[in-house]
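Worksheet: one structure, shown below.
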There are 2 protein chains.
Amino acid sequence: MAATIIDVANRAGCSKSTVSRFLNGSTVIAEGTRARIAQAIDEMGFRPSEIGRSLKRRLTQTVGVLVPSLTNPVFASSVAGIQAQARSAGRSIILATSDYDPDIEKEAVANLLGHNVSGLILTLCNGVSSAALDLIESAGCPFVLLFNDAVGSNGPAISVDNEGSARELTEAVISAGHRRIAFVAAHFASSDRSRLRYCGYTTALEAAALPVLPPLEVHFEGGDTSAVIAELFTQPDPPTALLCSTDILALTAMATLRDLGLTVPNDVSVAGFDGIGLGAMLSPPLATVAQPTWDMGFEAMRLLSEQLAGRMISAPAYLPHALRLGGTLAVPKRSIATSMNNNKAGRKSDEL
Amino acid sequence: MAATIIDVANRAGCSKSTVSRFLNGSTVIAEGTRARIAQAIDEMGFRPSEIGRSLKRRLTQTVGVLVPSLTNPVFASSVAGIQAQARSAGRSIILATSDYDPDIEKEAVANLLGHNVSGLILTLCNGVSSAALDLIESAGCPFVLLFNDAVGSNGPAISVDNEGSARELTEAVISAGHRRIAFVAAHFASSDRSRLRYCGYTTALEAAALPVLPPLEVHFEGGDTSAVIAELFTQPDPPTALLCSTDILALTAMATLRDLGLTVPNDVSVAGFDGIGLGAMLSPPLATVAQPTWDMGFEAMRLLSEQLAGRMISAPAYLPHALRLGGTLAVPKRSIATSMNNNKAGRKSDEL
DNA sequence: CTGTTAGCGCATTCAT
DNA sequence: ATGAATGCGCTAACAG
């Protein structure tokens, strides 16, 4: 099959040690042998076996990456960022997905660990209590959390301030004049981000002395979202604004509202979270909290590299987010009666 | 660090061979030792090293996956399908991206090969002539092409009938009454799909004796698309319909048209290719040729597994596509010249 | 049923 | 500057 280092040595008329040294540039090699080795390698199309190499060195050039799903552009984009940085660092990535399921998550991590990955980048269902994380820590494998907040004292993590930004977003919705604001969330059990964002929502509402509605938890990529939304808006006194824990959810919600004969933002304002590219291409554009997803992946990989190199730099836990207001978020039209004490009700939507 | 098979053997009071046999279930083991081994494994949290295992077996349980980009939901979705099937087959995937660059593509494949992947699933820039493919074939590594057509006689491939479906789509556009139809394409050099789809377009136009416009080649994820489109529609006698080689391109095009004061489909019809989920959520929904991207990935992985198992089944090269008409594709109403003037001022934000 | 032995492809002492 | 020998963790003959 594939040529080995011994084949190269034979053809070049030297020992495999010399070839190994050639490959790793560990010592100086005589010009003659150097040339013969180079030629032999070229002629045989030899590529050193990563696995032989890894076995010997006790470490690989691969890192494990675990994300909930690739279907969500947020994670796909972050993996792209990871990939870009990994490539420039000469590392490969083994990719696993958890499908938002803690059990699969644990199994996937165990599998990754079995591959002797030199490190891991993970977006967990729950960064605080995770069987997968226990596995990793007992194995002593370096890791960086991505989108999850840093767990306790240790371990670097790259995220955005989910709770704070959700609070800001909710405050903006309140400023626009909304008083009855609902929150559609991916199941908390499968996404701690979802929970944090809901917390930000409640904080803002409580500060404004407005009613906090219980979260409408839905399966992230399941089909129950439409039904939940439809029920919400066919009941009396529906909300004038709908916050969604992700942009994908927001898009699903908007499609459902359209089917119900409601227009966004004329009848209902909608805002999401994530800042996926396509949201900005819509008309009107989706109001959201934009995260630098690609950069976050890139930065997570960079951080992991630093860690692997023994340089424990302090992690900038939160990357900056950006509120994208306007678009699907506008002043409520039909709730003037309940917002008479709102002195900002006259703002125009594009001022947001 | 991590426990090895020898550690387990010592603790269980047997030889490492027995442990190995336990792990692989290759022979029957006495109930007593079996229990002791199981306990030892559990206590030490032992996971067999994929590396050592692979080195010995001369084959890995990993497959290499190369796609142009993860930012395009088409490929992200196909990787998700690959991943799902890989997991159920007990395989892991090493992911690489080419960024639509044949040089990176080749380098990535070389790297994948170095990891001793048992097989490869690839979406190449060009499935017909590819340095990467040469590398693979000379290494004798099994592979399945995905989105690329089968190359020559050998090698299975999973794709859709790009040319045929593009022809069908174009025919539908013609049927709707369009006579002047332009085609925006990702650079042919970076995507053979793009070229095939353009071919389908030309075939349909020629059959209808309509003018074939030269392709407007753009960088797939670059920023030149808007400029190209803007130029096209600010010249005299602009097309009434715009076909785009991908949905992403179509979305970019529509955003540009909006900025130009044109409405879709009232002023210009637009159709894409791929059937990304978000296209269907738009209002009006994006006309397109939908491919079963997730299934295609799943099927590609299944095919590779069959191949690795020695069962060379015949590959269903083309999976069924589906035309999604209507939405952004409508009957042409009037000349662009008049509509541009009429629409510049009065367009509503939710008109898309 | 189980232990012994021999590599897989490579990097790395230790010699020379 | 280069060879010979060793072993990484594991599986697969080959005994027993």
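Lettering follows sequence order; numbering is per chain, from 1.
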Mind checking whether B:Q291 and B:L319 have side chains closer than 4.5 Å, heavy atoms only?
no

If you assign B:N116 and A:S17 each to the DNA chain C nucleotide with the nearest heavy atom, which residue ends up on the more 5' nucleotide?
B:N116

Does B:S118 reach the main-chain N or O of B:Q61 with its side chain, forming a donor-acceptor pair under 3.5 Å?
no

Name every residue in residues 36-56 of chain B that has at least one heavy atom under 4.0 Å from any atom of DNA chain C, in order of residue number, or write none if there are no such residues.
B:L55, B:K56

What is the 5' to 3' range of DNA chain D, first to last nucleotide, that sits under 4.0 Å from any heavy atom of chain A?
D:dA1 to D:dG9

One should read off an interatomic distance between B:L304 CG and B:I82 CD1, to the nearest 0.5 angstrom, of 9.5 Å

Please examine the side chains of B:Y318 and B:D149, heavy atoms only from C-beta on, and report whether any two atoms are closer than 4.5 Å.
yes

Take atom CZ of A:R58 and atom C1' of C:dG9, then tell me their distance rounded to the nearest Å.
16 Å

In whole angstroms, how far is the C1' atom of C:dT12 from the CG atom of A:L59?
14 Å

Specify the separation, in whole Å, of atom CG of A:N24 and atom C1' of C:dT12.
10 Å

With the threshold set at under 4.0 Å for non-hydrogen atoms, list the residues of residues 4-11 of chain A touching DNA chain D in residue-number order.
none

List the atom pairs, with distances to 0.1 Å, where a side-chain N or O of residues 84-93 of chain A and a protein N or O form a donor-acceptor pair under 3.5 Å, not counting sequence neighbours.
from: A:S88; atom 1: OG; to: A:Q85; atom 2: O; distance (Å): 3.0
from: A:S92; atom 1: OG; to: B:N111; atom 2: ND2; distance (Å): 2.9
from: A:S92; atom 1: OG; to: B:H115; atom 2: NE2; distance (Å): 2.9

Pair of N/O donor and acceptor under 3.5 Å linking C:dT12 base with A:S26 side chain:
no

Quick one: list whatever passes salt bridge (Lys or Arg N to Asp or Glu O under 4.0 Å) with B:R21, sequence neighbours left out.
none

Return whichever of A:T18 or B:K16 has its heavy-atom-nearest nucleotide of DNA chain C closer to the 5' end.
B:K16

Separation of C:dT12 C1' from A:R21 CZ (nearest whole Å):
9 Å

Are A:S78 and A:L146 side-chain neighbours, meaning at least one heavy-atom pair lies under 4.5 Å?
yes

Once ring pair (Phe, Tyr, Trp, His ring centres under 6.0 Å) is applied, what residue pairs with a partner in residues 26-78 of chain A remain, sequence neighbours excluded?
A:F75-A:F147

Side chains of A:T60 and A:S54: is there a donor and an acceptor less than 3.5 Å apart?
no

Within the 4.5 Å heavy-atom criterion, are A:T97 and A:L70 side-chain neighbours or not?
yes

For a 4.5 angstrom cut-off between non-hydrogen side-chain atoms, does A:V79 reach A:W294?
no

